[in-house]
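See below for the structure under consideration.
On a predicted model such as this, the values are computed, not experimentally measured, just so you know.
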Amino acid sequence: MDTLLLTQPDIVRMLHEYGRDELMRRVIDRIAEGLAAVHTGAAELSPLRDGFNRAEPVPGIIEWMPHREPGNGVTVKTVAYSPGNPGRYGLPTILGTVARYDDLTGRLLAVADGVLLTALRTGAVTAVASRALARPDSATVGLIGTGAQAVTQLHALALEFPVRTVLAHDRDPAHLASFARRAAFLGLDVRPADPAHIARSCDIIVTATSTEVGAAPVLPDVPTREHLHVNAIGSDLIGKTELPPGLLHRALVVPDHPEQARREGECQQLTADHIGPELSRVCAEPERFAAARERLTVFDSTGIALEDHLALDVLTEAAVAIGAGTRLALEYHPSDLLDPYSPCSGADRRPGALLP
């Protein structure tokens with residue numbers, strides 16, 4: 001019994017054969033369906049993630065994020081958030097791998113890169129939340145933080161809304177200067193702007209920053225458009241937040257995972273009575289919350305393993321369809337199940353064969 005391995009060349013091949021838009025649309029649709037299923041009871045909400053915090057020399061965290069689909073599969077993502085990576089090591093801020101196990105036997109079914117998967121699913125869930133909470137005619141998007149996450153955030157929103165203008169800000173001038181080039185495939189008008197102008201002028205805002213724990217809000221508390229929708233993406237540590245309390249108290253705040261959001265999201269700043277419905281309910285009952293598109297709303301996105309589980313479904317299905325990926329005998333299955341030293345039952349199979 002082999003394990004499907006999706007490596008960097010496989011991800012490149014899928015991007016080439018399907019295109020960025022098709023892969024992103026598939027992930028958006030799958031996550032919207034999966035979140036609605038959580039509210040109806042047809043799927044489970046992922047348990048809280050956990051991890052190891054790291055201080056010097058490179059502050060960050062290494063986490064594990066599990067999700068179980070009973071009777072089918074268990075997905076575990078191991079993900080590292082290291083904001084010093086690009087400058088110190090020439091590596092992405094977010095690195096990770098995703099593994100799928102058979103729920104009935106525990107057998108390892110698939111292992112895949114988690115870098116693109118995480119970027120895709122995080123952008124996709126922003127599009128899902130924005131589709132439910134932002135005005136359909138939203139044309140001006142603001143970005144606070146123009147790192148790697150900003151590319152897929154804007155991509156997903158551009159697939160769902162008639163975006164024309166993008167106002168962008170980053171405390172790192174190099175990130176801001178390169179963003180228009182990185183997002184050029186979208187053909188949008190990208191302009192630098194200060195955070196106050198972004199807050200006042202946009203229909204949708206995304207905050208996706210590496211701000212420090214306890215730092216001041218990255219978005220100022222100034223008058224905004226009445227229908228502004230904010231996707232707060234960057235809060236992923238206890239004590240790390242991006243939005244001012246005043247804005248949160250005026251808004252309908254929708255968390256992806258209420259318990260996790262109260263621990264390490266924007267909801268850290270709120271009492272229970274100020275926290276709105278979770279995103280799964282909004283996805284399952286869109287008509288109930290349609291009026292919220294005309295008021296200030298916030299999506300508190302902390303990231304849940306259900307999104308990784310569903311994104312891995314999309315990637316493995318796409319890989320199998322085009323014959324990408326490699327099947328390897330990673331697990332040791334002795335011919336005598338009671339003797340670990342007995343010859344491996346699959347030793348005569350040639351490893352590394354491509355999928356049929």
Answer yes or no: is there a side-chain heavy-atom contact under 4.5 Å between V253 and F299?
no

Side-chain H-bond candidate by donor/acceptor type, H67 with T75, under 3.5 Å
no

Rounded to the nearest 0.5 Å, the OH atom of Y81 sits from the CZ atom of R54 at a distance of 10.5 Å

For S201 and I198, indicate whether the former's side chain and the latter's backbone hold a donor-acceptor pair under 3.5 Å.
no

Looking at E242, is its backbone amide N or carbonyl O close enough to the side chain of E266 to form a donor-acceptor pair, meaning the two atoms are under 3.5 Å apart?
yes

Going by heavy atoms in the side chains, are Q149 and T122 under 4.5 Å from each other?
yes

Interatomic spacing from CZ in R121 to NE2 in H309 - rounded to 0.5 Å:
13.5 Å

With a cut-off of under 6.0 Å to the ring centre and 45° to the axis, is R107 in cation-pi contact with Y101?
no

T146 versus D170, closest heavy-atom pair with distance
N-OD2, 2.7 Å

Main-chain N/O of R164 paired to D189 side chain as donor or acceptor, under 3.5 Å
no

Nearest heavy-atom pair of A80 and I62: which atoms, and what distance?
CB-CG1, 3.9 Å

Give a yes or no on whether I31 and L45 share a hydrophobic cluster (residues Ile, Leu, Val, Met, Phe, Trp, Tyr; joining criterion: side-chain heavy atoms under 4.5 Å apart).
yes

Measuring from L252:CG to I275:CD1, what's the distance to the nearest 0.5 Å?
11.5 Å

Taken to the nearest 0.5 Å, the spacing of T302 OG1 from I233 CD1 works out to 9.5 Å

Side chains of L133 and V254: does their closest heavy-atom pair fall under 4.5 Å?
yes

side-chain contact (heavy atoms from CB on, under 4.5 Å) between R100 and V76: does it pass, once the steps are laid out?
CA-CA 7 Å; R100 170 69 54 80; V76 180; over 6 Å; no

Show your reasoning for whether salt bridge (Lys or Arg N to Asp or Glu O under 4.0 Å) applies to R49 and D308.
CA-CA 12 Å; R49 63 185 174 214; D308 301 307; over 6 Å; no

Hey, mind stepping through K77 and T97 against side-chain contact (heavy atoms from CB on, under 4.5 Å) and telling me if it holds?
CA-CA 6 Å; K77 182 171 79 170; T97 54; over 6 Å; no

Indicate, with yes or no, if V151 and M24 share a hydrophobic cluster defined by side-chain heavy-atom contacts under 4.5 Å among Ile, Leu, Val, Met, Phe, Trp and Tyr.
no

For the residue pair S342 / D336, report whether a side-chain donor-acceptor contact shorter than 3.5 Å exists.
no

Determine whether V166 and V163 make a side-chain contact, defined as any pair of heavy atoms from C-beta on separated by less than 4.5 Å.
yes

Which heavy-atom pair separates D256 from G303 by the least distance, and what is that distance?
OD2-N, 2.7 Å

With rounding to the nearest 0.5 Å, note down the distance linking CG in L167 to SG in C202.
4.5 Å

Does the side chain of C267 come within less than 4.5 Å of Q260's, by heavy atoms?
no

Apply side-chain contact (heavy atoms from CB on, under 4.5 Å) to T78 and M65, showing your working.
CA-CA 6 Å; T78 304; M65 302 175 62; over 6 Å; no

Test V206 against I144 for side-chain contact (heavy atoms from CB on, under 4.5 Å), laying out the working first.
CA-CA 6 Å; V206 178; I144 306 291; over 6 Å; no

Assigning hydrophobic clusters by single linkage (Ile, Leu, Val, Met, Phe, Trp, Tyr; side-chain heavy-atom cutoff under 4.5 Å), is F185 placed with V190?
yes

Using 30° and 60° as the class limits, which term best fits the ring planes of H274 and H249: parallel, tilted or perpendicular?
perpendicular

All heavy atoms of R250 vs all of V222, minimum pair found to be NH2-O, 4.0 Å

For residues L117 and A311, report the shortest heavy-atom separation together with the two atoms involved.
CG-CB, 3.8 Å

Can you name the closest pair of heavy atoms from P255 and G276 and give their distance?
CD-O, 3.8 Å

Heavy-atom side-chain contact between V125 and L279 under 4.5 Å:
yes

Would you check if L6 and D113 make a side-chain contact, meaning some heavy-atom pair closer than 4.5 Å?
no

Treat each ILVMFWY residue as a node, draw an edge where side-chain heavy atoms are under 4.5 Å apart, and state whether V98 and L315 are in one component.
yes

N/O donor-acceptor pair under 3.5 Å between S130 side chain and T126 backbone
yes

Any donor-acceptor pair under 3.5 Å linking the side chain of T3 with the backbone of L330?
no

Per the salt bridge (Lys or Arg N to Asp or Glu O under 4.0 Å) rule, which among R225, R135, R293 passes with D203?
R225

Any side-chain to backbone donor/acceptor pair from Q268 onto G239? Under 3.5 Å, distance only.
yes

Looking at CZ of R182 and OG1 of T152, how far apart are the two atoms once the value is rounded to the nearest 0.5 Å?
10.5 Å

Look at the side-chain heavy atoms of Ile, Leu, Val, Met, Phe, Trp and Tyr, link any pair under 4.5 Å apart, and say whether L116 and V12 land in one connected group.
no

Inspect the contact between R263 and E259 and indicate whether a charged nitrogen and a carboxylate oxygen are less than 4.0 angstrom apart.
no

Donor-acceptor pair, E331 side chain versus L108 backbone, under 3.5 Å?
yes

Between R68 and D103, does any side-chain N to carboxylate O distance fall below 4.0 Å?
yes

Please evaluate residues E278 and R262 with respect to the criterion salt bridge (Lys or Arg N to Asp or Glu O under 4.0 Å), reporting the C-alpha separation (whole Å), side-chain torsions for both, the decisive distance (0.1 Å), and the verdict.
CA-CA 12 Å; E278 62 189 86; R262 286 194 294 270; over 6 Å; no

Can you find a side-chain donor-acceptor pair between H257 and D300 that sits under 3.5 Å?
no

H39 vs C283 side-chain heavy atoms within contact, under 4.5 Å:
no

With salt bridge (Lys or Arg N to Asp or Glu O under 4.0 Å) as the test, would you mind laying out the steps for E317 and R30 before giving the verdict?
CA-CA 12 Å; E317 290 166 9; R30 194 67 61 90; 2.9 Å; yes

